[in-house]
2 protein chains.
Amino acid sequence: MSFDTRIPIYLQIMERIKKDIVSGKLKGGDKMPSVRAFAKELQVNVNTVQRVYQELEREKILYSQRGIGSFVTSNEAIVEQIKEEMARELLGNFVRGMRELGFSKERTLTALQAYMEGEQDGSVKG
Amino acid sequence: MSFDTRIPIYLQIMERIKKDIVSGKLKGGDKMPSVRAFAKELQVNVNTVQRVYQELEREKILYSQRGIGSFVTSNEAIVEQIKEEMARELLGNFVRGMRELGFSKERTLTALQAYMEGEQDGSVKG
DNA sequence: CCTGGTGTACTATTTACCTATAACAGTGGT
DNA sequence: ACCACTGTTATAGGTAAATAGTACACCAGG
């Protein structure tokens, strides 16, 4: 995994984990890698992973048990809530951003359709 | 203007200016506020504004003249190029993000339509 | 000429993030 | 009891961003 130097690493890892949970790659009850193993895998310090798990636990997305490990929540309502939050944020950022660039709703919609049809083209002139 | 503490302030100010240029709020030849005035207005340090102008000059979006001021480029081609870049980035982030959340292209499109129709509703269940 | 406004440059300090390293605390298997 | 694994906490150091403050360079108007 590579990181965007402009954004704190721990936030990027959190996003990645949340996406994996929301999309189903990680399921309720799944055991996360140990802080040390994950740190090694991500080429990152143990403290950074620790912070990730801590923050995600604060958000009720993970729970950690000393001596045992960290696990994905089995509370589907929370997962669904996170999914809606993340989708709403994506939608909001996108719509607001396009509006700020001067795109109407219609143009935004057609631009998205064009972009999806051919990401090899991707022309967004206008 | 308020700032997201997770992202460098100078980048946020740059984005804001670029959006204003692309959308036509700022036009070619327009004089930007002086670094000191802008810093005061944004409740930010002079050095931060200076960095903003410097970076935007590097991107050929502004040009600065010592003793006179900083001005928006009159090169429409550059403005158009920036607009396409920014739109493509928004589209890419959005589409990739939704895909990572497990949304198909069709669901992404319908979610966007639903979001735009009623931002008072904004349900994105699925 | 000089004054006020402009961009530009430099130093020093603070803060958040990341790192390295070590130690402490709890669990489970042998 | 021991040991290997787990999460957790603590200390110290490095870097980038933002800050405050100062100074320099340039231009236009009175």
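Everything numeric here is computed off the predicted structure, so don't read it as measured data. Residue numbering restarts at 1 for every chain, and letters A, B, ... go by the order of the sequence lines.
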Selected nucleotide, minimal atom distance to [X] side chain, candidates [options]:
{"X": "A:Asn47", "options": "D:dT8, D:dT9, D:dT19", "value": "D:dT9"}
{"X": "B:Ile68", "options": "C:dT6, C:dA9, D:dC27", "value": "D:dC27"}
{"X": "B:Pro8", "options": "C:dT8, D:dA17, C:dC24", "value": "D:dA17"}
{"X": "B:Ser64", "options": "C:dT8, D:dT6, C:dT6", "value": "C:dT8"}
{"X": "A:Asn45", "options": "D:dC24, C:dA20, D:dT6", "value": "C:dA20"}
{"X": "B:Gln54", "options": "C:dA9, C:dG7, D:dT8", "value": "C:dA9"}

A:Val44 or A:Arg66, whichever maps to the more 5' nucleotide of DNA chain C: A:Val44
A:Ile7 or B:Gly69, whichever maps to the more 5' nucleotide of DNA chain C: B:Gly69
Are [X] and [N] close enough that a side-chain N or O sits under 4.0 Å from OP1 or OP2?
{"X": "A:Tyr53", "N": "D:dG7", "result": "no"}
{"X": "A:Ser70", "N": "D:dT6", "result": "no"}
{"X": "B:Thr48", "N": "D:dA17", "result": "no"}

May I have the distance from [X] (atom [atom1]) to [N] (atom [atom2]), rounded to whole angstrom?
{"X": "B:Gln50", "N": "D:dG21", "atom1": "CD", "atom2": "P", "answer": "18 Å"}
{"X": "A:Arg36", "N": "C:dA20", "atom1": "CZ", "atom2": "P", "answer": "15 Å"}
{"X": "B:Lys40", "N": "D:dA20", "atom1": "NZ", "atom2": "P", "answer": "13 Å"}
{"X": "A:Arg51", "N": "C:dA16", "atom1": "CZ", "atom2": "P", "answer": "10 Å"}
{"X": "A:Leu62", "N": "D:dT6", "atom1": "CG", "atom2": "P", "answer": "16 Å"}
{"X": "B:Lys31", "N": "D:dA28", "atom1": "NZ", "atom2": "P", "answer": "12 Å"}
{"X": "A:Phe3", "N": "D:dA16", "atom1": "CZ", "atom2": "C1'", "answer": "18 Å"}
{"X": "B:Tyr63", "N": "C:dT8", "atom1": "OH", "atom2": "C1'", "answer": "18 Å"}

B:Lys83 to A:Phe103, cation-pi by 6.0 Å centre distance and 45° axis angle: yes
SB check B:Arg88 B:Glu85 (cutoff 4.0 Å): no
Atom of A:Tyr115, atom of B:Gly92 and distance for their closest heavy-atom approach: OH-CA, 3.3 Å
Nearest non-hydrogen partners of B:Ile13 and B:Phe38, listed with the distance: CG2-CE2, 4.4 Å
Between B:Arg107 and B:Thr110: side-chain donor-acceptor atoms closer than 3.5 Å: yes
